[in-house]
Amino acid sequence: MDTDAPDLLNVIDIEATCWDGQPPPGAVSEIIEIGLTVVDLRAAGGVSPARTELRARGRLARHRILVRPARSTVSAFCTELTGLTQAEVDTGVSFAEACRLLASEHASGTRPWASWGDYDRNQFTRQCRVTGTRYPFGHRHTNAKLPFTAAHGLRKRPGMAQALKVAGLPLEGRHHSGADDAWNIAALILDLVARGAWPETP
């Protein structure tokens, strides 16, 4: 795959340590999973075929990076929400290594990227600052929730699962799995591209 192809987009969704209420003393929310789906925006251009075929064509690859937290642990609440356990994330890489992998293997510094809302971008910004890690992304980020809300004439910005219902698309996999959520967000983006409602990459 050509990592510098101008029509490729990285769709990112993260999961982070979380609690039912306030975090324990000294603990902070940290990224524990990075889901990434590579989208070919050209696949949805022009006259689109059946939408199931469209999604299959446009979503080129899916990736999952597990990240080992350094200042927190996975709570029972977090496991129930994400399916991730402490033992599983202990097999992951450090946050710094995860950022290095994004840049070296997924062209995150040069390829435009998108997420559902700004949480993912803000969490990366905050965690990179706190840990002194180089921010792995370029400046070309799209909050996919905004064009979706406008395209469907909604008054409120929907969560991803609600957006799939609005668009008539299935929820594939487990909600709050970073890898599965990135895959589903990619389907929503391709649907927007087919409608002519996806903004031009800045």
What verdict does the salt bridge (charged side-chain N to carboxylate O under 4.0 Å, His left out) test give for Arg68 and Glu88, after you've listed the backbone C-alpha separation in whole Å, the side-chain angles of each residue and the deciding distance to 0.1 Å?
CA-CA 9 Å; Arg68 188 173 61 251; Glu88 190 173 9; over 6 Å; no
Verdict with reasoning, Arg121 to Tyr135, per side chain to side chain contact (heavy atoms under 4.5 Å, CB included)
CA-CA 10 Å; Arg121 181 173 60 84; Tyr135 185 69; 3.6 Å; yes
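Listed for the Asn184 side chain is a donor-acceptor partner under 3.5 Å among the backbone atoms of Glu172. Here the side chain of Thr82 pairs no donor or acceptor atom with the backbone of Ser177 at under 3.5 angstrom. Under a 3.5 Å cut-off, the side chain of Thr17 and the backbone N or O of Val74 do not form any donor-acceptor pair. Side chain of Glu33 to backbone of Gly178: a donor-acceptor contact under 3.5 angstrom is found. Counting only distance, with no hydrogens or angles, the side chain of Ser75 and the backbone of Cys18 share a donor-acceptor pair below 3.5 Å.
The two atoms that bring Pro158 and Trp116 nearest to each other are O-NE1, 2.9 Å, heavy atoms only. Smallest separation of non-hydrogen atoms from Ala187 and Leu169: O-CD1, 3.9 Å. Considering all non-hydrogen atoms of both residues, Ser115 and Asp120 come closest at CB-OD1, 3.7 Å. The shortest heavy-atom contact between Ala144 and Leu192 is O-CD1, 4.3 Å. For the residue pair Thr37 and Ala182, the shortest heavy atom distance occurs at OG1-C, 3.5 Å.
Every pair tested for side-chain hydrogen bond (donor to acceptor under 3.5 Å, both in side chains) that includes a residue from residues 143-160 fails, sequence neighbours excluded, so the list is empty.
The number of heavy atoms from other shown groups lying within 6.0 Å of CZ (Arg64) is above 12. Atom CZ of Arg174 is surrounded by more than 12 heavy atoms from other residues, nucleotides or ligands within 6.0 Å.
At least one side-chain heavy atom of Arg111 sits less than 4.5 Å from a side-chain heavy atom of Val38. For the pair Ile14/Phe124, a side-chain contact is recorded, criterion being any heavy-atom separation below 4.5 Å from C-beta on. With a 4.5 Å cut-off on side-chain heavy atoms, Val130 and Gln127 do not count as touching. Side-chain contact between Leu66 and Thr91: present, with at least one pair of heavy atoms (C-beta onward) separated by less than 4.5 Å. The shortest distance between side-chain heavy atoms of Cys78 and Ile32 falls below 4.5 Å. Cys128 places a side-chain heavy atom less than 4.5 Å from the side chain of Pro136. Contact of the Ile189 side chain with the Phe148 side chain is not registered, since no non-hydrogen atoms from C-beta on lie closer than 4.5 Å. Under the 4.5 Å side-chain criterion, counting only non-hydrogen atoms from C-beta, Leu9 is not in contact with Asp40.
Rounded to the nearest 0.5 Å, atoms CG (Leu41) and CG (Leu190) are 7.0 Å apart. Between the NE2 atom in His175 and the CG atom in Asp181 there is a gap of 5.5 Å [rounded to 0.5 Å]. Between the OG1 atom of Thr79 and the CG atom of Leu84 there is a distance of 7.5 Å, given to the nearest 0.5 Å. If you take OG1 on Thr142 and CH2 on Trp198, they are separated by 4.5 Å, rounding to the nearest 0.5 Å. In this structure, CD in Glu15 is found 14.5 Å from CD in Glu30, a value given to the nearest 0.5 Å. Put simply, CH2 on Trp19 and OG on Ser72 are 4.5 Å apart, with the number rounded to the nearest 0.5 Å.
With ring centers used as reference points, Trp113 lies under 6.0 Å from Phe137.
Linking ILVMFWY side-chain heavy atoms closer than 4.5 Å, directly or via other members, places Leu164 and Leu146 in two distinct hydrophobic clusters. Cluster annotation: Leu154 and Leu188 are assigned to the same hydrophobic cluster (Ile/Leu/Val/Met/Phe/Trp/Tyr, side-chain heavy-atom contacts under 4.5 Å, transitive). Both Ile185 and Val166 are part of a single hydrophobic cluster, where members link through side-chain heavy atoms under 4.5 Å apart. With hydrophobic clusters built from ILVMFWY side chains whose heavy atoms lie under 4.5 angstrom apart, Ile34 shares a cluster with Leu8. Hydrophobic cluster membership differs between Val93 and Val89, with clusters built from Ile, Leu, Val, Met, Phe, Trp and Tyr side chains linked at under 4.5 angstrom.
The pair Asp180-Arg62 meets the salt-bridge criterion, with a side-chain N (NZ, NE, NH1 or NH2) lying under 4.0 Å from an Asp/Glu carboxylate O.
Side-chain contact annotation: His106 with Asn10, donor-acceptor N/O pair under 3.5 Å absent.
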